[in-house]
Amino acid sequence: MHIRRHVLTVAAAAGALAVVTAAPAQAAEYSSALKIKGVQYDAPGADSNRCSGGNTKDEYLTIKNYSRTATVDLKGYVVKDATGNKFTFTTTHRLEPGDHVKLRGGRGTNSDAGNVVYRQNCNFIWNNDKDTIYLLKPGGARADVHSYTKSANDRDGNGYITYHG
């Protein structure tokens with residue numbers, strides 16, 4: 001009987017260990033109302049970062065306010081990639097509950113009504129093979145983070161990945 005109890009104790013401990021080690025593998029879910037809805041990480045066509053005639057405006061990140069009641073001002077929020085390329089929302093841009101904004105590359109006129117903000121930079125920010133996207137709150141805390149690889153996350157090969165529906 002003593003051996004059987006020892007085997008059960010070891011099996012229970014191994015099961016608890018499996019649960020403990022499996023937990024960190026799950027993606028972290030942050031408590032922010034703002035989340036990354038999706039990313040067009042690979043702009044259609046051949047990449048051209050020319051400010052005139054290039055296609056950086058076709059690379060974009062969609063950020064959505066998933067709150068049912070709170071309006072969120074994007075001023076002070078930061079979007080950055082794995083190597084530290086970043087964009088900071090420096091002006092007021094309010095997202096009503098359920099509203100979204102497309103953060104586009106290239107130059108253009110920001111529009112609350114058109115739900116668009118331009119990075120005013122003609123360089124691409126997202127890598128076409130793999131990258132990590134960080135959405136940071138004004139104080140620097142993470143609002144949302146997603147990593148991708150073209151082979152694992154873009155099954156249809158269209159350069160767009162959806163994260164939160």
Side-chain angles (χ1 to χ4, degrees), residues 18-51 53-68 70 72-90 93-108 110-111 114-165:
V19 170
V20 170
T21 57
Q26 297 173 359
E29 192 62 36
Y30 301 97
S31 63
S32 174
L34 291 185
K35 301 223 181 278
I36 300 165
K37 181 177 180 187
V39 62
Q40 180 73 48
Y41 68 92
D42 187 0
D47 285 353
S48 171
N49 62 355
R50 291 184 326 237
C51 284
N55 65 338
T56 56
K57 70 182 177 322
D58 298 326
E59 178 188 85
Y60 62 89
L61 180 71
T62 305
I63 300 168
K64 183 175 178 179
N65 179 357
Y66 286 89
S67 172
R68 294 181 188 191
V72 180
D73 186 356
L74 287 170
K75 186 174 182 176
Y77 274 80
V78 173
V79 171
K80 70 177 192 169
D81 73 350
T83 60
N85 296 310
K86 70 179 184 174
F87 171 83
T88 302
F89 289 90
T90 58
H93 189 96
R94 290 185 174 83
L95 291 181
E96 301 293 327
D99 203 4
H100 71 279
V101 65
K102 286 186 179 179
L103 175 61
R104 290 191 174 276
R107 301 187 191 282
N110 298 342
S111 170
N115 293 327
V116 65
V117 171
Y118 288 89
R119 290 192 350 260
Q120 307 303 335
N121 182 321
C122 297
N123 292 322
F124 292 97
I125 191 170
W126 312 118
N127 294 331
N128 289 352
D129 59 344
K130 64 180 178 178
D131 214 331
T132 301
I133 305 165
Y134 298 90
L135 175 61
L136 305 175
K137 296 177 182 180
R142 292 180 177 182
D144 202 12
V145 176
H146 293 281
S147 293
Y148 67 85
T149 64
K150 183 174 188 159
S151 60
N153 303 108
D154 188 6
R155 303 255 188 247
D156 61 5
N158 69 353
Y160 186 84
I161 299 170
T162 300
Y163 293 111
H164 301 278

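Computation of the quantities below employed the complete heavy-atom set of this structure, encompassing side-chain atoms and omitting hydrogens, waters and symmetry-equivalent molecules.
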Checking the side chain of [X] only, and the main-chain atoms of [Y] only, is there a donor and an acceptor separated by less than 3.5 Å?
{"X": "Asn55", "Y": "Pro44", "value": "yes"}
{"X": "Lys35", "Y": "Ser32", "value": "yes"}
{"X": "Asn49", "Y": "Phe124", "value": "no"}
{"X": "Asp73", "Y": "Lys75", "value": "yes"}
{"X": "Asp131", "Y": "Trp126", "value": "no"}

Can you pull the ring-ring contact (aromatic ring centres under 6.0 Å, His included) pairs that have at least one residue in residues 127-163, sequence neighbours excluded? Tyr41-Tyr148, His146-Tyr163, His146-His164
Distance-minimising heavy-atom pair for [X] and [Y]:
{"X": "Asp81", "Y": "Ile125", "result": "OD2-O, 3.1 Å"}
{"X": "Asp156", "Y": "Asp154", "result": "OD1-OD1, 2.9 Å"}
{"X": "Ser67", "Y": "Pro97", "result": "O-CB, 3.1 Å"}
{"X": "Gln40", "Y": "Asp58", "result": "CG-O, 3.2 Å"}
{"X": "Ala33", "Y": "Val72", "result": "CB-CG2, 4.4 Å"}

Distance check, rounded to the nearest 0.5 Å: [X] atom [atom1] versus [Y] atom [atom2]?
{"X": "Leu103", "Y": "Glu59", "atom1": "CG", "atom2": "CD", "answer": "9.0 Å"}
{"X": "Leu95", "Y": "Asn115", "atom1": "CG", "atom2": "CG", "answer": "7.5 Å"}
{"X": "Asn110", "Y": "Leu74", "atom1": "CG", "atom2": "CG", "answer": "10.5 Å"}
{"X": "Leu135", "Y": "Leu34", "atom1": "CG", "atom2": "CG", "answer": "6.0 Å"}
{"X": "Leu61", "Y": "Ile36", "atom1": "CG", "atom2": "CD1", "answer": "5.5 Å"}
{"X": "Lys150", "Y": "Asn127", "atom1": "NZ", "atom2": "CG", "answer": "12.0 Å"}

Neighbour count above 12 (heavy atom, 6.0 Å) for Lys137 NZ: yes
Assess Arg107 against Tyr118: is NZ or CZ under 6.0 Å from the centre of the six-membered ring, and within 45 degrees of the ring's axis?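 Geometry flag: not set, cation outside 6.0 Å or 45°.
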Do [X] and [Y] make a side-chain contact, defined as non-hydrogen atoms from C-beta onward lying under 4.5 Å apart?
{"X": "Arg142", "Y": "Leu136", "answer": "yes"}
{"X": "Val101", "Y": "His93", "answer": "yes"}
{"X": "Ile63", "Y": "Val79", "answer": "yes"}

Who are the side-chain hydrogen bond (donor to acceptor under 3.5 Å, both in side chains) partners of Thr132, not counting sequence neighbours? Ser147
Those residues that, when tested against Gln120, pass side-chain hydrogen bond (donor to acceptor under 3.5 Å, both in side chains) (two or more places apart):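 Not a single residue meets the side-chain hydrogen bond (donor to acceptor under 3.5 Å, both in side chains) criterion with Gln120.
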